[in-house]
Amino acid sequence: MVILAAGQGKRMRSRLPKVLHPLAGRPLIAHVVATARALKPRRICVVYGHGGEQVPRAIEAPDLVFVRQRPQRGTGHALQQALPHLDGSGLTLVLYGDVPLVAPETLAAMTGSGRDRLTILTAELDDPAGYGRIVRNRRGAVSAIVEEKDARPAQRRIREVNTGIMALPTARLKRWLARLTDRNAQREYYLTDVVPLALGERVDVHAVTAGANWEALGVNSRAQLAELERLYQWRYATRLLEQGVTLADPKRLDVRGDLRCGAEVSIDVNCVFEGDVRLASNVQIGANCVLKNAEVGAGTRIEPFTLIEDARIGAHGRVGPYARIRPGTRLAEEVHIGNFVEVKAAEIGARSKANHLAYIGDATVGRDVNVGAGTITCNYDGANKHRTVIEDGVHIGSDVQLVAPVTVAKGATVGAGTTVWKDTPRGGLVINAKTQEHRPGWKRPRKKGRDS
Ligand code: UD1
Ligand code: CA
């Protein structure tokens, strides 16, 4: 199997090689590699070129063989570079790094149809602009593929297009590639020119139509990439709906990775899910949330405008609105994290609450703890991070600073405005001795230099 990915993608107007532009959060070519792997081929060979080592670096894996094409002189020339790695006895399946949505089942249907024939994956598009056209003879058999730039007006009206994906008998392919020429509008060695060569050897040329039109779509411009992104997201949302997930608007959901949902999950508009996200049953996600590599336990509500990354949220909790849960956070069951609360690398025990305006970082918080508004764990001394431990049943008043490393022992109450800078004993009240004065008759200062 060969994936062609050496082209520049001029129409993208980007320095990033086209196949590395992201679709649903992953490079285009990563989608193609995943599809290729699903077919369990003997070898996956990636032809790269434009952008140097960026492509291999982005997708490096032990099962991929990388071959450099330099200069890039067309799809036929690209495939030629891979020849030394192909076993002469079998079929070679050619995939394009910029055609990311083709389904493994479609490819399986192509390779299953015989060893000594040339199979082309085609599609009927309403707008075939930019694609090579499938030319058929009077008997309806494929006779050629004509690139748009080389096509006559009548040929341009053909709506059946070449997806670029082909299965070819490898031994013949070696001969055919050697005979390609660059006598065409783009001065390139077109892989598509193998069709007449195959017919010349009386090899059956067979067109398989893609199961769905979107499988055929290639990315040549940013507009096409954006279109494919919407299509991908629409299909993903449709699958979630079929699984029983409630989506307030399937058109306003973005999944850039893998989202797995239990029963009766509901997701409001404009949420983004990145990496691996698992939502247990009865989870509700409010509008405008971003969850990345996160797990949310059963029955928990994530309120609007909440960001969660690399964290595990327990069952029956409530997080947000406007909460930020950063990497390394573990919330046990029934935890409440409220608005403008930031939590980082902290474990918080069952039924504990931090409902307003707080920072809990590098902390271990026990069960049944209440953290008051404006409380801050001062975890950073300018050079190192230190941990704060808040044991079970502690009540922390508003506007408390916990200067780490520090432990507030079980059952203690910390008064509002206290700076806790050394460990406290169990129970009792912790306050800083402060007094409040009142100065009657005190005058506010006045602005200087102004007559009054
Ligand atoms: C190609 C096909 C066209 C088909 C279309 C489908 C040819 C001649 N044309 O046209 O019939 O309808 O794809 O999307 O095959 N590449 C290389 N090395 C090169 C040139 C290209 O590796 O020297 C790779 C590109 O990275 C890309 C793929 O081959 O992944 C297709 O190249 P592109 O230039 O986009 O071809 P199209 O003009 O789209
Ligand atoms: Ca293309």
Side-chain angles (χ1 to χ4, degrees), residues 2-12 14 16-21 23 27-33 35-36 45-52 54-56 58-59 66-83 94-102 118 120-125 127-135 142 144-151 155-156 158-166 168 176-177 180-196 207 210 213-225 228:
V2 181
I3 302 175
L4 302 186
Q8 172 183 7
K10 283 194 199 77
R11 289 165 278 181
M12 296 296 281
S14 171
L16 189 68
K18 176 169 67 179
V19 296
L20 292 187
H21 280 261
L23 175 75
L28 285 170
I29 191 170
H31 294 266
V32 181
V33 169
T35 307
C45 193
V46 177
V47 181
Y48 72 102
H50 183 79
Q54 291 179 70
V55 170
I59 58 167
F66 291 95
V67 183
R68 187 156 183 172
Q69 182 198 17
R70 192 165 49 174
Q72 292 89 46
R73 304 197 58 196
T75 48
H77 178 254
L79 188 54
Q80 215 164 16
Q81 312 310 307
L83 279 181
V94 179
L95 304 179
Y96 281 18
D98 66 347
V99 182
L101 298 185
V102 65
L118 168 57
I120 306 164
L121 184 66
T122 67
E124 285 270 337
L125 298 183
D127 177 12
Y131 292 86
R133 309 297 205 278
I134 305 293
V135 179
V142 177
I145 301 173
V146 180
E147 291 307 297
E148 179 159 284
K149 288 187 177 126
D150 303 295
Q155 292 172 325
R156 290 193 185 196
I158 298 172
R159 287 175 38 228
E160 188 183 11
V161 303
N162 172 31
T163 62
I165 294 165
M166 282 186 199
L168 317 102
W176 296 340
L177 290 178
L180 295 180
T181 71
D182 64 355
R183 287 193 290 269
N184 52 55
Q186 303 184 81
R187 310 280 311 175
E188 283 185 357
Y189 295 88
Y190 290 167
L191 174 56
T192 44
D193 286 345
V194 299
V195 171
N213 268 353
W214 45 256
E215 291 188 52
L217 300 179
V219 173
N220 295 310
S221 64
R222 301 220 185 223
Q224 284 172 337
L225 180 59
L228 248 67

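Each residue takes its place number in the sequence, starting with 1. Just follow the structure's listing: the first ligand is 1, and inside any ligand the first atom is 1.
- For the Ca ion (ligand 2), protein N, O or S atoms under 3.0 Å: 2 in total.
- Judged purely by atom type and a 3.5 angstrom limit, Lys18 uses its side chain to pair as donor or acceptor with the backbone of Val219.
- The closest donor-acceptor contact from the side chain of Arg133 to the backbone of Arg156 lies under 3.5 Å.
- Ordered by chain and residue number, the residues placing a heavy atom less than 4.0 Å from ligand 1 are Leu4, Ala5, Ala6, Gly7, Arg11, Lys18, Gln69, Gln72, Arg73, Gly74, Thr75, Ala78, Tyr96, Gly97, Asp98, Val99, Tyr131, Gly132, Glu147, Asn162, Thr163, Tyr190, Thr192, Asn220.
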Take Leu177 and Leu191, measure what side chain to side chain contact (heavy atoms under 4.5 Å, CB included) needs, and give me the verdict at the end.
-> CA-CA 8 Å; Leu177 290 178; Leu191 174 56; 4.1 Å; yes
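- Ring geometry for Tyr48 against Phe66 counts as perpendicular: the plane angle is over 60°, on a 0 to 90° scale with 30° as the lower cut.
- The main-chain N or O of Gly218 is found under 3.5 Å from a side-chain atom of Tyr131 such that the two form a donor-acceptor pair.
- Taking 4.5 Å as the limit, every side-chain heavy atom of Val67 sits out of range of all side-chain heavy atoms of Val2.
- Ile145 places a side-chain heavy atom less than 4.5 Å from the side chain of Ile120.
- The main-chain N or O of Glu188 is never found under 3.5 Å from a side-chain atom of Arg73 such that the two would form a donor-acceptor pair.
- Glu124 CD to Glu160 CD: the interatomic distance, rounded to the nearest 0.5 Å, is 5.5 Å.
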